[in-house]
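Please read the structure below before turning to the comments.
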Amino acid sequence: MVSICSLLVSLLSLALLSLAKSSTGDSVLVVLEPTLDQANFSVFFDGLKKKGYELTFRAPKDVSPAIIQDDIPSFSHVILFAPETKAYAGDITPQSLVTLLSKNTNVLFVLSSKQTPVSSLAPEFSLILPPPGTPLISHFPERDTPPSVIPIPTTTNTIPVTSSNLSPIWYSGVSFALGNNPLLFPILRAPPESFAADSTEDTGADAVVDAAEKSGEGLWAGSSMSVVAGFQTREGGRAAWVGGVEVFGDEFANKEVAAGVKSGNAQFAQELASWAFQESFALRVDSIDHHRVNDTTVREHYTTNDQVVYTTHISKFNAETNAWEPFSGITDLQLEFTMLDPHVRTALPPVPGSPGEYSVTFRVPDRHGVFKFVVDYKRKGWTHIHSSTTVPVVPPRHDEYPRFLSAAWPYYVGAISTSVAFWVFAVLWLAGDDKSLYKKKGGKTQ
Amino acid sequence: MTAAYSLPQDISPSFITNTASLLRIVALALISAAAIASRLFAVINFESIIHEFDPWFNYRATRVLASNGFYEFWNWFDPTAWYPLGRVVGGTIYPGLMATSGIIYNALHALNLPVDIRNVCVLLAPGFSALTAFSTYLLTKEMKSPSAGLLAAAFIGIVPGYISRSVAGSYDNEAIAIFILMFTFYAWIKALKLGSGFWGAVAALFYGYMVAAWGGYAFITNMIPLHAFVLILMGRYSSRLYVAYSSWYAIGTLASMQVPFVGFQPVRTSEHMAALGIFGLLQLLSFASLIRSHVSSSHFQTILFVSVLALTAVGVGGMGVLTWKGWIAPWTGRFYSLWDTGYAKKYIPIIASVSEHQPTAWPSFFMDLHFLIFLFPAGVILLFRGTPTTTVLPSGQITTETKIRDEHVFVIVYAVMASYFAGVMVRLMLTLTPVVCVCAAVGVSELLDVYLDPSEPEVGGEGKDGEESDAASTGSGGVTATSGAPSATATATGVASPSLGKKSAKKEKAAAAAAAANSSTGIVALDSLVSTLHPPTRTKPGIWGLDTRLTILLNTTALLLFFVLHCTYVTSSAYSSPSVVLASQNPDGSQHIIDDFREAYYWLRMNTGEGDVVMSWWDYGYQIAGMADRPTLVDNNTWNNTHIATVGKAMSSPEEIAYPILRKHDVSYVLIIFGGLIGYSGDDINKFLWMVRIAQGVWPDEIQEPNYFTPQGEYKVDAGASKAMRESLMYKMSYYRFHELFGGGQVMDRVRGQQLPSVGPTLDVLGTFPSFSPPLTLLTFGCVDEAFTSENWIVRIYEVKKEDLLGRDLKSASGFAEGKKRKRSKPVSRRRAVVA
Amino acid sequence: MAGPKTSTAATSKSSPAASPSAVQSLWQAYTDTTPSRLKLIDAFLVFLMLSGVMQFVYCILVTNFPFNAFLAGFGSCVGQFVLTASLRMQVNPENKVEFKEVSPERAFADFALGSIVLHFFVFNFLG
Amino acid sequence: MKLWPPLAVLCSLLAVDLVWAAHSFENTAIVRTVELGGSLVHVTTTYAIKSLEAGSSRYTIALGRDEHQKTSWLEVRLKGQQAALPFERHGTHLDNEVYLYDVTLPKALATNGTANIVVETVQTHATYPWPQEAAQSEDQALKYESDLFVLSPYETSVQRTKLRSSTPSILSFTQPEEVSFATENPATKSGTTVTYGPYYNIPASASSDFIAAHQQHVTVQYNHGFPVLEVTKLKRAAEVSHWGANLNIQDEIILHNAGPRLKGHFSRLQHQTQSYYNRPAPHVLSWATLLLPAGISNVYYYDLIGNVSTSRLRTAPSPPKGLSQAALNNHFSTLEIRPRYPLMGGWNYSFTLGWDAPLGDSAVWDAKTGKYILGVPVMTLIPGAVVDEAEVKIVLPEGASDIEFFAPFPALSNTLSTHISYLDTTGRPAVTFEYKDLTDKHTGTIYITYKVPFLAHLKKPIAVGMAFFALFSLAMGWRRVDTRIHTKQKL
């Protein structure tokens with residue numbers, strides 16, 4: 001019964017996703033190392049194809065198709081299913097992979113317990129790998145699989161990139177610790193009772209001790225380790241890191257976690273891919289507008305103490321309709337009005353009734369200078385929203401100061417009366433006959 | 001009465017006066033022409049371009065005024081200056097200069113003469129120098145005679161001390177200020193002489209113009225009251241003085257307050273209080289004299305005495321109270337630095353760092369004034385003695401009475417004050433120059449008068465002649481005049497030989513300084529001395545024979561010729577280079593223009609974003625704004641010490657500290673000046689210590705000057721350079737890839753004359769510097785990229801990197817880009833294993 | 001000019017004994033030796049001084065907030081006062097010797113011109 | 001290429017026209033040669049035609065849409081002859097696929113009469129840098145796109161297209177798939193040339209269905225050895241002064257390096273080494289040589305912030321009268337201008353260039369009409385540069401009347417205005433011409449004829465005289481007035 005439901009759910013979800021496309025393009029390059037057979041991943045690949053992706057397959061050693069040509073990526077997504085490859089063709093180097101990400105191409109990395117170029121690239125993403133040759137093993141829960149094949153519950157997911165109500169996921173591969181890089185976040189954590197050890201066969205606690213003693217790094221164990229991690233570059237390119245390729249395999253996809261309960265691998269893989277390929281959790285700033293209260297035109301500068309309205313439109317990519325749609329779901333958006341330091345920091349709430357619009361009104365500080373409207377929204381998993389608009393704030397013009405205040409009327413009266421008196425005096429003076437003065441003078445002098 | 005040589009007698013006096021005035025006009029015209037022409041060297045040698053630094057801002061402001069009109073200019077807020085603080089230009093400048101050239105510009109365009117605003121600005125200073133010559137003529141005419149006036153005009157026209165600030169293209173406030181200064185003084189003298197309110201009003205108007213034009217107006221503000229005060233102390237109070245002074249002060253003060261930048265200062269700051277005090281004093285005196293005219297003198301004495309006492313007490317007390325209450329701002333730092341030359345260096349490094357605020361070196365006196373500096377004291381002495389005012393009576397017979405007059409006192413006071421200030425600050429040489437010209441002209445013309453006068457004295461006049469000509473001709477008069485007379489020829493040679501003149505000049509300085517120190521008693525004493533010096537009974541001076549005359553005259557003429565030569569030479573060689581363009585000599589002797597500044601600025605203007613902020617040391621702020629048209633962090637209007645210190649800190653700290661500063665201020669480009677390649681000595685490494693000092697003033701615990709010296713206390717950039725020096729952003733940006741020019745040879749910094757290490761041991765993995773200095777090959781940048789370097793490497797522009805794509809620190813990011821492997825890092829959280 | 005008041009202050013400070021005679025003689029001298037026109041001027045001066053004093057008092061007691069207005073008003077009074085005072089001196093027959101070049105008419109012309117300039121600045125500064 | 005309404009309407013209405021055209025000729029061979037260049041691409045197409053019926057004298061040539069919008073100069077000649085044949089716009093099909101031009105042959109051809117028609121076109125903005133960024137030391141590679149088939153309303157027995165590059169390094173070119181009409185390899189590369197074709201027996205191709213069926217795009221990528229220059233704006237002002245017998249010409253030029261953008265940053269060090277070893281990067285413009293007219297004087301070259309001191313000029317004396325055109329052509333003053341900074345890919349530079357030329361060299365007075373005839377060159381060519389927008393303003397002396405002008409090729413617009421300069425009272429008449437996409441073929445001369453009445457010549461001195469007289473009389477009057485005031489004061 002339950003199994004059927006879950007099956008239905010998964011099918012339903014697949015059906016829903018069937019139209020989906022990515023917001024950055026549909027061409028996918030799958031670098032598949034020869035030891036892996038494409039047929040073993042049919043569920044995953046078919047799922048992608050159903051969504052509308054065009055998959056191109058090549059081996060790591062092939063020269064064509066090149067992942068990047070004349071500094072222009074040839075594909076919009078790359079799946080690097082080469083966990084054990086030591087040598088690649090010339091066009092695939094750690095640097096070129098980072099270049100891909102810088103040009104907004106998404107990459108899906110798969111690790112293994114072997115030391116490979118990819119595993120040496122991992123530290124650049126501040127992933128911290130255990131020493132080579134130490135896969136993740138766990139003896140709980142009781143099961144018939146070898147200890148290196150572990151069912152991992154999805155309920156521990158804190159960041160909602162993948163749905164957390166899936167049935168457990170079969171996992172086999174390495175675990176890794178995450179450095180303190182804000183761009184990196186765990187998607188699937190290792191189970192608490194799992195640890196990394198170099199021997200897959202169960203030799204009791206000694207194995208654990210050995211693992212702990214090895215290279216004096218203590219025990220790589222517990223839920224602080226992750227097995228699947230997401231990384232989002234500053235320019236928005238996304239990279240997903242998976243500790244083992246089998247997660248995507250048909251075997252695990254069809255393997256039951258309990259009697260009649262199919263594993264969550266298939267859907268998890270699809271959801272992971274849809275995040276990595278910027279289908280889901282992709283946001284975009286459509287427009288920015290700022291103007292004075294009861295005014296509509298964008299001004300190139302504002303005066304101190306103006307009341308200013310700042311409005312922005314944000315939309316989210318909808319994979320079903322393959323279109324950007326207005327998105328009002330962000331509740332904790334903030335606007336900063338900064339010059340060197342934020343002078344104003346206020347919430348930027350969604351405007352009820354008009355989807356996708358966020359707006360706030362605030363008073364420009366009493367300080368002239370070159371200010372910036374900064375909206376900086378960085379949440380793990382979501383596309384980072386960062387928009388900065390520069391606008392000078394100028395002091396009032398000479399005719400915008402208050403003039404002729406009531407407090408000053410005596411001065412005005414004084415000044416005016418003076419000049420009036422001056423004219424009166426002048427008139428009197430000129431009216432007064434000069435002769436008299438002369439006469440007087442004459443009288444004086446004699 | 002015998003004559004040394006005969007003059008034609010049959011000429012009607014009217015004819016003489018007419019020709020004289022005609023000749024005077026012609027002479028003035030020629031002088032103006034010479035004044036203008038000698039200032040065009042800059043245009044001829046280079047081109048019609050704005051010079052130096054500040055003029056670039058004035059030019060830019062003038063363009064705004066000319067294109068947007070006056071009100072827009074008044075309300076101009078410049079967001080590109082002092083980014084991101086911005087600058088309220090309208091309220092923080094003296095608009096007189098821009099207004100002047102704006103008016104000229106519009107007038108010309110109204111006449112369908114579409115002159116380029118740039119040319120108006122470039123040629124403004126020469127044009128006004130002609131006016132200065134004219135106003136100097138007027139002033140000196142008031143002092144002595146038209147002929148002296150002509151001499152003075154000629155001197156001021158070509159004297160280097162004034163040319164240095166007024167060549168074509170040095171479009172600065174001083175360009176017009178000196179003219180206004182002289183004319184204000186002329187109007188003041190005139191007002192004082194005639195006791196006419198009209199001239200007082202004129203003086204006030206020009207004073208207002210001066211306030212609008214130059215910060216140095218404070219000189220007038222204190223000069224005129226001082227003059228009035230001295231006159232009062234000399235018991236020379238007259239209602240003419242009252243009329244002149246009060247009309248000047250009443251109108252002038254109101255006029256000065258119209259300038260937004262000055263605002264209420266005339267009633268608020270101490271610099272202006274002297275004028276106010278004298279004003280009050282005059283009111284009392286006038287009232288007293290009014291009473292005197294009505295009561296007997298006995299009463300009057302007491303009244304006068306008490307009132308003066310009361311006034312001074314009240315005035316000083318009130319000043320003290322107000323200052324203490326803070327209603328009156330105490331003296332500003334720049335003002336203190338006038339009295340204590342060490343003050344600025346201690347407290348205001350920014351002011352001290354300006355080259356033209358340094359004390360004057362003695363040679364520069366000679367360079368700027370040449371032989372005028374020797375005649376200067378002579379002229380002063382003559383003024384003490386007063387000049388004979390010769391009035392031609394209708395009857396044709398000439399009456400002469402020699403007596404010190406108010407205007408003479410004025411020039412004397414001016415001379416004393418100005419020569420002190422000129423000694424303190426180089427730039428104040430400018431205020432000294434005019435009075436030197438006036439005094440020297442008085443001296444020379446007196447000399448010529450005496451020796452050209454054909455009439456030979458009656459027997460018994462020699463002694464007087466000797467003394468007279470002596471006082472007239474040589475600077476040693478101040479000391480020797482009282483004691484008898486060396487013969488005229490001897491003293492003439494004395495003039496010709498600078499050494500004697502110089503010594504005496506020094507003596508005179510000392511005397512003058514003393515006089516300044518206790519001005520009141522000093523002046524009175526000098527006054528009495530003067531009167532003793534000249535017993536009332538005098539015989540007309542004269543010389544025997546032609547030979548002495550010819551000797552003196554030839555000497556004088558030769559001296560004048562030398563002066564002209566000197567002025568021409570100094571002007572063409574020293575004062576005519578627009579420090580924007582540098583000139584050097586090709587091997588074949590032809591002139592080679594080094595134009596790196598404009599190359600770099602134009603590159604910025606053409607190939608960077610409109611709003612990209614450029615960070616540079618403040619010297620180049622105005623030029624970048626004017627030529628590159630890009631926002632700057634700091635510029636030559638050094639009003640915000642902290643902001644400048646921020647730039648200094650960014651320049652003098654290592655990248656990790658500098659980068660956040662750059663990001664915070666949205667800096668996109670960093671521009672530095674580096675002379676090491678062609679030996680341009682005015683570059684940033686040589687200014688570096690000022691940056692450090694200024695930064696230290698604000699962050700004393702982060703930046704310390706000593707860290708930039710070697711342990712031996714030397715300032716080195718070579719292998720011995722200190723660690724702080726090597727790691728500073730400035731050092732790195734200056735020498736980045738510098739060594740590669742030398743292809744492994746000796747890397748030589750041609751300014752410092754030091755040899756830089758070119759190759760050396762490599763860094764170890766941890767990136768710590770070895771104990772001895774790293775070679776230039778190891779200069780790598782985390783936070784900036786070289787964006788542009790001018791042809792001779794004088795200007796180097798660096799672009800600030802964006803934050804790393806993957807949020808790494810920039811050092812490891814660049815390391816990754818270069819393909820370096822990073823060491824495997826360990827997990828943050830460690831758990832010890834529980835041992836079973 | 002409200003001369004007497006201040007002068008009495010001065011005199012009384014200086015020598016109380018001499019004061020009454022001084023003041024009376026002063027007033028006497030003033031009333032009978034001053035020509036009528038000078039009296040006119042003095043009246044004007046008194047008016048100006050009063051208005052100036054009033055404004056100053058207002059400024060001290062109530063407010064000096066629009067400081068420029070105060071300066072303008074007060075300045076106009078003072079300026080006008082001194083100009084008129086100068087006029088008085090210039091036309092005063094007793095000062096004839098000092099002002100050779102200045103005829104009374106010229107004096108008045110100067111006075112008028114000065115005042116007009118003054119008032120121009122005053123009104124420019126008022127608002 | 002102005003639209004010519006009546007004909008266009010006519011042709012587009014009457015398809016009969018085409019039918020007729022289709023029958024009258026056939027192309028025995030069409031050879032198109034494309035000289036791959038920077039901002040300018042010269043295309044020469046030779047039609048070997050055979051007349052099918054007697055007396056047919058109007059041959060129609062066709063251009064595809066892209067081709068047409070790229071083309072900014074078109075000239076038709078008979079092979080081996082200098083004289084250009086007259087041609088006129090034929091109008092388009094209703095679907096803007098093909099643009100047709102009718103060429104009128106000098107004499108009608110008899111049946112089976114043959115002729116070789118050479119069509120020369122210059123294309124602008126036809127190439128684009130690829131890769132779009134190049135470091136300072138790298139070469140610059142450009143891409144050029146073109147149609148595979150030359151369109152023609154007639155059947156064509158054989159045609160080829162040759163793309164020839166100046167340097168032997170052709171990096172890549174498209175191999176067209178399933179080309180009809182091709183017998184052997186549809187595209188071959190030999191040295192500096194890529195040849196498409198020969199293709200045989202192509203039907204009348206100037207129709208949208210042919211294009212839909214067969215037409216293909218081919219792209220060639222090749223190295224280009226010279227900077228790709230683009231004058232985004234050229235403002236030329238020519239001012240005539242009869243008093244000074246002087247023609248002042250001033251160009252305000254905004255120059256843009258349209259080559260690959262500079263990757264990374266500019267390193268002076270590298271630049272200096274390159275120029276030291278004399279291996280300048282192909283996409284860097286350090287200096288350019290301009291050919292200015294002979295006999296010019298006081299040439300000035302400055303930009304927004306003043307004089308640019310780095311330039312060299314060699315003036316030739318002005319040519320004697322009646323020199324042959326050929327002689328005139330190599331009679332030039334050469335000016336070597338050097339921007340303040342080397343112009344890297346994607347950089348801009350703006351400057352002003354001006355000179356005085358003796359009026360006698362460019363103007364004559366026609367005695368019998370009593371008019372002056374003035375010739376002003378449209379532009380001074382910057383080698384290898386295309387001029388996007390040009391504005392030529394010719395300022396005639398004050399008071400010039402009945403003005404007529406003859407432009408060498410039609411301008412987008414020409415306007416008459418008045419220009420006020422030094423000491424003008426009424427202002428001078430000025431004619432302004434607007435152009436677009438000028439190439440090295442557009443170096444014509446604008447001729448202007450105008451009358452200047454004798455009084456107009458005297459206008460200036462009279463005005464100045466009046467001004468001075470007014471000044472003096474004012475001064476005199478002022479003295480009088482001044483004294484009068486004084487006397488009034490007195491009484």
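So that the names make sense, note that chain A is the first sequence line, chain B the second, and so on, each numbered from 1.
- Of all the heavy atoms in A:Ala415 and C:Gly73, the pair that sits closest is CB-CA, 4.2 Å.
- Contact of C:Gln80 with chain A is made through the side chain alone, with heavy-atom distances under 4.5 Å.
- Taking OH of A:Tyr412 as the start and OG of C:Ser76 as the end, the distance is 13.0 Å to the nearest 0.5 Å.
- Relative ring orientation between C:Phe44 and A:Phe425 is described as parallel, the plane-to-plane angle staying below 30° on a 0-90° scale split at 30° and 60°.
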Steps toward ring-ring contact (aromatic ring centres under 6.0 Å, His included) verdict (C:Phe111, A:Phe422): CA-CA 10 Å; C:Phe111 164 75; A:Phe422 160 66; 5.6 Å; yes
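- Contact count against chain C (heavy-atom pairs under 4.5 Å) is highest for A:Pro410 among A:Ala426, A:Pro410, A:Gly414.
- The side-chain heavy atoms of A:Trp429 and C:Val91, taken from C-beta on, include a pair separated by under 4.5 Å.
- Expressed to the nearest 0.5 Å, how far CG of C:Leu48 lies from OG of A:Ser417 amounts to 8.0 Å.
- Nearest approach of A:Tyr411 to C:Ala69, heavy atoms of both residues: CB-O, 3.6 Å.
- Environment of CZ in A:Phe362: crowded, with over 12 heavy atoms of neighbouring residues, nucleotides or ligands closer than 6.0 Å.
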